[in-house]
Amino acid sequence: METKQYILSPKEAYEAAQKWRVVKRSVDARQRELKVHLTVLTDEKGRPIAKDAPIPLYEPPVFQDVRHAKQSVVIIGCGPAGLFAALTLLEHGIKPIIYERGKEVSERKKDIALLNRNEGLNPESNYCFGEGGAGTFSDGKLFSRSKKRGNMQRVMELFHYFGAPDTVLYEAHAHIGSDKLPGIIKRMRECIIEHGGEIHFETKIESLKNLTAKRSNSEAVCALSAEGGLSLATPTILAIGHSAHDTYRMLADEGVAIETKGFAMGVRIEHPQALINRLMYFKGRNIDISGPRYTETINYVGNASYSMVTQVDGRGVYSFCMCPGGHIVPAGSSAESCVVNGMSASHRNSPFANSGMVVQINPEDIDGSDPLKGLLYQEALERMSYSEAGPTATQSSIAPAQRMKDFVEGKASKDLPACSYLPGVVPSRLDEWLPAHIGKRLQQGFRDFDKKYPGFLTNEAVIVGVESRSSSAVRIIRDPESLESISTPGLYPCGEGAGYAGGITSSALDGINAALKIAERQ
């Protein structure tokens with residue numbers, strides 16, 4: 001089969017996608033008029049192939065029954081790295097046994113609802129912990145800048161196999177949505193169990209020595225196997241998320257090789273989505289947002305996103321996890337800390353657009369020789385954010401916030417614009433209490449972004465503190481070839497929590513790679 005690329009108007013591209021087999025689609029907003037680049041499958045005469053043509057989209061996976069498999073692999077963590085590792089092991093006839101500190105996705109939803117209503121944080125079941133990992137309820141973007149880590153397309157195919165829409169196979173910036181992703185994660189779990197794998201929820205690993213764990217409904221420490229416990233003679237994939245701070249401490253105490261790595265911290269910023277649409281799609285030109293030209297564009301290509309990056313005093317300042325038509329959510333995992341993140345549902349139809357805006361932090365930028373110093377720095381700023389929300393934040397997820405232009409100009413915000421953050425925001429002088437090497441760089445970064453997109457710097461936008469979990473501040477050191485811990489034979493650190501990935505797709509791929517390394521050694 002051959003392919004052919006078309007450059008079309010939004011309406012033309014939408015209509016073509018209803019008829020033809022699309023293999024790649026991207027929106028091009030660089031020119032004065034918005035265009036869509038559409039690549040379609042063609043026959044030997046160069047004619048587009050119909051969307052419903054009986055041509056397989058990809059080779060589906062073949063999972064083996066592993067109830068009586070001779071080999072088992074322990075997986076610690078049920079996020080994308082852990083789940084995709086388990087699915088890969090099933091393809092190779094190896095039994096996966098997953099241990100997840102949080103709850104399964106349906107029960108997890110209930111704890112998140114309580115958190116959004118300021119009715120309490122469950123430290124083991126929240127936006128960070130539970131089935132599917134942090135990505136389950138934080139947008140479901142399937143995008144990675146990595147091109148050298150393996151077969152990223154296979155990650156997309158597996159998501160599609162378990163129920164993601166066809167668009168994940170060809171969109172340049174594919175997206176599932178936090179309303180759809182839980183169902184896909186549930187089907188992955190059902191597949192693992194159906195084929196003989198095991199998943200144990202509400203079970204946190206307390207020690208790598210004999211792999212002991214504690215169940216959340218019991219104070220008793222229990223072995224992970226009725227046969228007397230599993231040791232690291234059993235290959236163990238460590239797929240913890242980047243918020244498992246207590247697990248990092250346990251690993252350090254038990255001699256697992258860990259180092260501080262570069263990370264990023266900042267704020268979450270929110271604009272009216274209509275403003276972002278005007279800046280990105282119409283170059284800031286005044287346009288009637290109720291008029292046919294505007295509404296037709298949005299109907300055919302969806303709400304606009306953006307990607308911002310600049311350098312300030314030798315450090316990167318950039319947008320992260322941009323959520324068009326989304327919401328800001330509370331992403332803390334411990335008491336007396338305030339952390340925010342962003343998400344959007346599949347339709348991305350909220351009137352708000354939010355994004356993390358973070359500053360690059362290198363290990364030399366913070367004091368201390370402790371390999372966990374980056375983690376400690378994250379926690380200190382999260383506690384500061386909590387305290388700056390004031391007495392109203394006690395036992396709640398209320399967050400400190402400031403109008404964007406006030407932040408840049410060093411002014412107090414007497415009031416705040418409408419904001420999607422359900423627990424609520426209160427005015428705060430983020431320009432004063434953020435560490436200078438973060439706050440000052442953000443201020444200049446916002447000025448730089450406004451030069452490229454005049455109107456981006458506005459008091460219609462609000463910044464909310466703090467965005468501190470954009471990436472892990474820790475790397476669990478592994479051999480680059482075997483992917484095995486350099487200090488702990490049999491341990492395979494992978495995914496975002498191990499410091500080797502930066503999102504859903506790259507974490508999933510890292511989990512696949514870890515599972516393949518184990519399978520190769522059998």
TODO: Report the C-alpha separation of Met265 and Ile438 in whole Å, then their side-chain angles, then the decisive distance to 0.1 Å, and conclude whether the side-chain contact (heavy atoms from CB on, under 4.5 Å) test is met.
DONE: CA-CA 7 Å; Met265 296 179 69; Ile438 295 176; 4.2 Å; yes
Open item on the list: Quick one about Ser482 and Tyr492 (side-chain donor to acceptor, distance below 3.5 Å, no hydrogens or angles considered), yes or no?
Closed with: no
Open item on the list: What's the separation between atom CD1 in Ile240 and atom NZ in Lys204, rounded to the nearest 0.5 Å?
Closed with: 11.5 Å
TODO: State whether Phe129 and Arg101 meet the cation-pi test: NZ (Lys) or CZ (Arg) under 6.0 Å from the six-membered ring centroid, and within 45° of the perpendicular axis.
DONE: yes
Task: Flag for Asp111-Tyr127: side-chain donor and acceptor within less than 3.5 Å - done: no
Open item on the list: Less than 3.5 Å apart, any donor N or O on the side chain of Ser333 or Asn126 sitting next to an acceptor on the other?
Closed with: no
TODO: In sequence, state the C-alpha distance, the side-chain angles, and the governing distance for Asn354 and Ile269, and then conclude on side-chain contact (heavy atoms from CB on, under 4.5 Å).
DONE: CA-CA 5 Å; Asn354 72 76; Ile269 188 166; over 6 Å; no
- [ ] Assess whether atom NZ of Lys186 is packed by more than 12 heavy atoms of other residues, nucleotides or ligands within 6.0 Å.
- [x] no
- [ ] Locate the shortest heavy-atom distance separating Leu169 from Gln153; write the atom from each residue and the value.
- [x] O-NE2, 3.6 Å
Open item on the list: Tell me if the aromatic rings of Phe352 and Tyr421 count as close, with their centers under 6.0 Å from one another.
Closed with: no
Task: For Ile328, the option from Ser420, Ser355, Pro423 that meets side chain to side chain contact (heavy atoms under 4.5 Å, CB included) - done: Ser420
Open item on the list: Using a 6.0 Å distance limit plus a 45 degree cone around the ring axis, check whether Arg108 lies over the aromatic ring of Phe137.
Closed with: no
Task: Qualifying residues under side chain to side chain contact (heavy atoms under 4.5 Å, CB included), relative to Lys261, sequence neighbours excluded - done: Ser471, Arg475
Task: Test item: side-chain donor near acceptor, Arg348 and Asn303, under 3.5 Å - done: no
Task: Minimum-distance pair of heavy atoms, taken over all atoms of Asn116 and Pro330 - done: OD1-CD, 3.3 Å
Open item on the list: Taking Gly326's backbone N and O only, do any of them form a donor-acceptor pair with Ser344's side chain (distance below 3.5 Å, no angle check)?
Closed with: no
Task: Distance-minimising heavy-atom pair for Cys323 and Arg268 - done: SG-NH1, 4.1 Å
Task: Whether Tyr99 and His200 hold their rings parallel, tilted or perpendicular, with breakpoints at 30° and 60° - done: parallel
- [ ] Considering only NZ, NE, NH1 and NH2 on the basic side and carboxylate oxygens on the acidic side, decide whether Arg469 and Glu382 come within less than 4.0 Å.
- [x] yes
TODO: Run the salt-bridge test on Arg478 and Glu484 with the 4.0 Å N-O cut-off and return the result as yes or no.
DONE: no
- [ ] Determine, for Glu364 against Arg315, whether the closest basic-nitrogen to carboxylate-oxygen distance falls under 4.0 angstrom.
- [x] yes
- [ ] Report the C-alpha separation of Val155 and Asn151 in whole Å, then their side-chain angles, then the decisive distance to 0.1 Å, and conclude whether the side-chain contact (heavy atoms from CB on, under 4.5 Å) test is met.
- [x] CA-CA 7 Å; Val155 173; Asn151 188 359; over 6 Å; no
Open item on the list: Between Asp166 and His160, do the side chains contain a donor N or O and an acceptor N or O under 3.5 Å apart?
Closed with: yes
- [ ] Using a strict cut-off of less than 4.0 Å between a Lys/Arg side-chain nitrogen and an Asp/Glu carboxylate oxygen, indicate whether Glu107 and Lys110 qualify as a salt bridge.
- [x] yes
Task: Over all atoms of both residues, closest heavy-atom pair of Leu372 and Thr260 - done: N-OG1, 4.1 Å
Task: Pair Lys95 + Glu198: basic N to acidic O under 4.0 Å - done: yes
Open item on the list: The criterion is ring pair (Phe, Tyr, Trp, His ring centres under 6.0 Å); which residues satisfy it with Tyr318, sequence neighbours excluded?
Closed with: none
Task: Between Glu131 and Thr136, a side-chain donor and acceptor under 3.5 Å - done: no
Open item on the list: Ignoring hydrogens, what is the shortest heavy-atom contact between Val256 and Ser485? Give both atom names and the distance.
Closed with: CG1-OG, 4.3 Å
Task: Donor on one side chain, acceptor on other, Gln273 and His271, under 3.5 Å - done: no
